[in-house]
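Given the structure is predicted, the values throughout are model-derived calculations rather than measurements. Note on naming: letters A, B, ... go to the chains in the order of the sequence lines (proteins, then strands), and numbering restarts at 1 for each one.
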Amino acid sequence: MKNEIRVRMAPSPTGFFHVGSARTALYNWLFARHHKGKFILRVEDTDVARSSEKMIDVILDGLTWLGMNWDEGPYFQSKRLDIYQKYVQQLLDNDLAYYCYCDPEDLEKEKQAAYKSKEDWQYDRRCLKLSPAERAEKEKKKIPKVVRFFIPNQSVSFHDLIHHEIRREAKDIEDLIILRSNGVPTYNLACVVDDYEMGISHVIRAVDHITNTPKQILLFEALGLPKPEYAHLPLILGHDKSKLSKRHGAVSLMSYKEQGYLPGAMVNYLSLLGWSPGDDREMMNTQEIIESFDLNRINPANAVFDETKLEWMNGQYIYGMSNEMLLQQLWPFMIEYGLVKEQDNEKKKSWLLRVCQLVKLRLKTLTDINDVARYFFVEDYEYEEDGLNKHFNAATIRIVEDFLPKLEDIEEYIALSIEESVRNHAETNKLKARQIIHPLRLFITGRQGGPGLFETMVLIGKERCLSRTRRLINDFKKQQEEKTN
RNA sequence: GGCCCCAUCGUCUAGUGGUUAGGACAUCACUCUUUCAAGGUGGAGACACGGGUUCGAGUCCCGUUGGGGCCA
């Protein structure tokens with residue numbers, strides 16, 4: 001118990017789950033699983049005016065999607081106010097904290113004025129210097145008061161597992177507010193109390209919290225509590241190298257799910273953003289990542305989020321899946337795009353699996369199914385402009401039209417016989433096979449590229465191939481007639 | 001402005017005093033192919049700068065510059 005590894009994810013419920021938070025959560029979780037420790041969920045909702053169930057569900061859904069199970073919680077700070085107040089009282093009793101009656105708006109004005117004239121500003125402890133009479137006066141007037149933590153005059157240093165020795169002078173830290181006038185604790189106090197109460201052994205969080213750590217260490221010391229170990233993770237940046245935020249586009253974890261990314265690929269990619277196993281491995285399943293994971297191997301430099309590489313990796317995962325798995329993952333998207341109906345799952349199962357096999361190499365995300373394979377399912381696929389320019393002309397139409405009877409005559413409609421028929425026809429008519437293949441592909445699929453044409457034609461079926469081709473030929477003829485008239 | 005963190009190809013990274021500085025994505029060329037992909041082969045591409053320490057520095061120290069974060 002004493003040496004048990006216990007880490008936490010402590011999200012503030014903002015209504016969405018940032019990929020940066022997901023990465024932080026992931027590293028905590030990997031660390032816990034690697035050391036057979038506990039991963040605890042704690043919702044830091046004291047700051048939030050109203051944190052709804054829904055906001056928390058976003059977090060839970062995200063963790064679940066990525067396969068990160070938690071061992072305890074979620075605990076809610078908003079339900080633990082009395083605990084924090086108890087600790088604040090302890091500090092007050094020991095003269096390690098004091099009441100402050102200053103009007104926050106006044107202080108804010110002073111601060112802004114100081115910044116404007118490029119001066120540093122810190123709270124000057126004026127309420128600490130209040131005489132008993134002055135204090136009594138303010139109490140009598142019922143002026144709202146907060147509790148400030150008295151920063152002792154010393155330097156603070158701590159050992160960060162990623163950044164090594166970090167030192168900060170106490171004079172650079174101001175007496176921070178730890179309890180608001182409404183009795184709600186501030187971030188630093190609640191965090192310290194909870195990290196202790198929940199037995200957190202390692203605080204693994206992003207580096208933008210590193211300036212909070214000395215304050216928290218001072219709080220641990222003032223409260224006489226044991227300190228956890230600290231590891232401050234590098235930030236995830238957008239392409240302009242500033243902290244990844246909404247203005248960079250998709251930063252919510254669930255938007256990646258909606259865009260058709262697989263949780264395994266997401267975990268794999270995120271794990272490599274700031275960490276590496278030390279060898280050249282990149283494609284790793286979650287189990288392998290857990291086994292290799294080590295805080296010592298985290299790169300302290302910030303990392304740019306590279307969606308292109310994530311996309312590539314996702315494609316690798318899709319290609320590596322069994323057709324059954326792929327179909328299952330694809331299903332909700334195919335329903336959404338109107339490619340299939342619920343009952344097709346049973347009726348057309350084996351056909352669907354064959355389509356999966358044929359297109360899986362071309363899918364980078366699950367949503368690609370609509371672009372890459374729409375023509376297998378429905379008739380409203382589009383024709384590539386460039387392709388029509390090439391093949392929608394008298395000479396080509398003629399070639400295809402000549403070939404159609406041969407296609408019709410094929411008895412055993414399998415790839416081999418279609419190919420044989422095309423090649424024979426080409427030979428007897430002194431054509432290159434591609435002169436038939438290319439327009440045929442365009443007419444049947446609307447595209448110039450794709451899986452092998454003959455296999456594709458088998459899956460689309462003879463009748464549909466014929467009718468699609470005839471439709472194009474008729475369209476062309478109609479167009480010619482209109483021109484001559 | 002103050003304080004803090006960071007610095008290897010465009011991007012993610014390997015590298016812990018002696019390496020032709022390795023890999024991956026992206027990019028380019030070739031190859032395979034009915035096409036598009038994927039694959040295969042190859043190319044181009046980095047130690048921010050300046051001082052030290054050392055026989056020897058991407059690697060250790062200091063400074064500069066640049067980027068980022070927090071205070072907001």
A:E408 and A:R470 ion-paired at < 4.0 Å: yes
Gap in Å between the two C1' atoms, one belonging to B:U13 and one to B:A26, rounded: 15 Å
Is there a donor-acceptor pair closer than 3.5 Å between any side-chain N or O of A:R23 and the backbone N or O of A:L273? yes
When rounded to the nearest Å, what value does the distance between P atoms of B:C30 and B:G67 take? 40 Å
Considering Watson-Crick and G-U wobble pairs with both distances under 3.5 Å, what does B:A48 pair with? B:U64
Work out how far the P atom of B:U20 is from that of B:G58, and round it to whole angstrom. 13 Å
Between B:A14 and B:C9, how far apart are the two C1' atoms, rounded to whole Å? 13 Å
Test of understanding: with salt bridge (Lys or Arg N to Asp or Glu O under 4.0 Å), list the residues that count as partners of A:R33, not counting sequence neighbours. A:D71
With both distances kept under 3.5 Å, what pairs with B:U16, Watson-Crick or G-U wobble? none
Under a 3.5 Å cut-off for both distances, is B:U27 Watson-Crick or wobble paired, and to whom? B:G43
Might you work through the ring-ring contact (aromatic ring centres under 6.0 Å, His included) test for A:Y27 and A:F293, ending with a clear yes or no? CA-CA 8 Å; A:Y27 281 26; A:F293 191 77; 5.3 Å; yes
Would you give the length of the straight line joining atom CG of A:L363 to atom CD1 of A:I318, rounded to the nearest 0.5 angstrom? 5.0 Å
Would you kindly give the CD-to-C1' distance between A:Q357 and B:A37, to the nearest whole Å? 14 Å
Starting from C1' on B:U34, measure out to CD1 on A:I437 and report it in whole angstrom. 4 Å
Taking a pair to mean Watson-Crick or G-U wobble geometry with both distances below 3.5 Å, B:A37 pairs with none
Any pair with a residue in residues 145-154 of chain A that passes side-chain hydrogen bond (donor to acceptor under 3.5 Å, both in side chains), sequence neighbours left out, goes on the list, sorted by first then second residue, please. A:E139-A:K145
Just checking, any donor-acceptor pair under 3.5 angstrom between side chains of A:T367 and A:T365? yes
If you draw the axis of the six-membered ring of A:F150, does the NZ or CZ of A:R125 fall within 45° of it and under 6.0 Å from the ring centre? yes
Whichever of A:K215 and A:G452 has its nearest RNA chain B nucleotide further upstream toward 5': A:G452
Partner residues of A:D172 under the salt bridge (Lys or Arg N to Asp or Glu O under 4.0 Å) criterion, sequence neighbours left out: none
State plainly whether the residues A:K227 and A:D195 are in salt-bridge range, i.e. N to O under 4.0 Å. no
Watson-Crick or G-U wobble partner of B:G2, both distances under 3.5 Å: B:C70
In whole angstrom, give me the gap between the C1' atoms of B:G39 and B:U33. 11 Å
Upstream residue (5' side of RNA chain B) when A:R441 and A:E174 are each assigned their closest nucleotide: A:R441
If only side-chain N and O atoms count, and only distance matters, is there a donor-acceptor pair under 3.5 Å linking A:S78 with A:D45? yes
For A:H18 and A:G20, indicate whether the former's side chain and the latter's backbone hold a donor-acceptor pair under 3.5 Å. yes
Presence of A:Q316 side-chain N/O under 4.0 Å of B:G39 phosphate oxygens OP1/OP2: yes
Could you state the NE2-P distance from A:H438 to B:U33, rounded to the nearest angstrom? 13 Å
Quickly work out the A:K432 NZ to B:U35 P distance and round it to whole Å. 12 Å
Please state the C1' separation for the pair B:C5 and B:U27 - nearest whole angstrom. 32 Å
Compute whether any side-chain donor of one residue and acceptor of the other, for A:T186 and A:N188, lie under 3.5 angstrom apart. no
What residues 404-424 of chain A contributes to the RNA chain B interface at heavy-atom separation below 4.0 Å is A:R423
Tell me: OH of A:Y317 to C1' of B:A24, nearest whole Å? 14 Å
Using atom C1' in both nucleotides, what's the gap between B:A7 and B:G63 to the nearest angstrom? 15 Å
Please write out each protein N/O paired with an N/O of nucleotides 2-13 of chain B under 3.5 Å, distance rounded to 0.1 Å.
unit_1, atom_1, unit_2, atom_2, d
B:G2, O2', A:D120, OD2, 3.4
B:C3, O2', A:R168, NE, 3.2
B:C5, O3', A:H163, ND1, 2.9
B:C6, OP1, A:H163, ND1, 3.1
B:U11, OP1, A:K241, NZ, 2.8
B:C12, OP1, A:V304, N, 2.8
B:C12, O2', A:L272, O, 3.0
B:U13, OP1, A:G274, N, 2.6

Could you measure between the two P atoms, the one in B:C36 and the one in B:C28, and give it in whole Å? 15 Å
A:H209 NE2 - B:C70 P separation (whole Å): 9 Å
Rounded to the nearest Å, what distance is computed from the CZ atom of residue A:R362 to the C1' atom of nucleotide B:C36? 6 Å
Expressed in angstrom and rounded to an integer, what is the separation of A:R281 atom CZ from B:G22 atom C1'? 16 Å
Please enumerate all protein N or O atoms sitting under 3.5 Å from an N or O of nucleotides 28-31 of chain B, with distances to 0.1 Å.
none

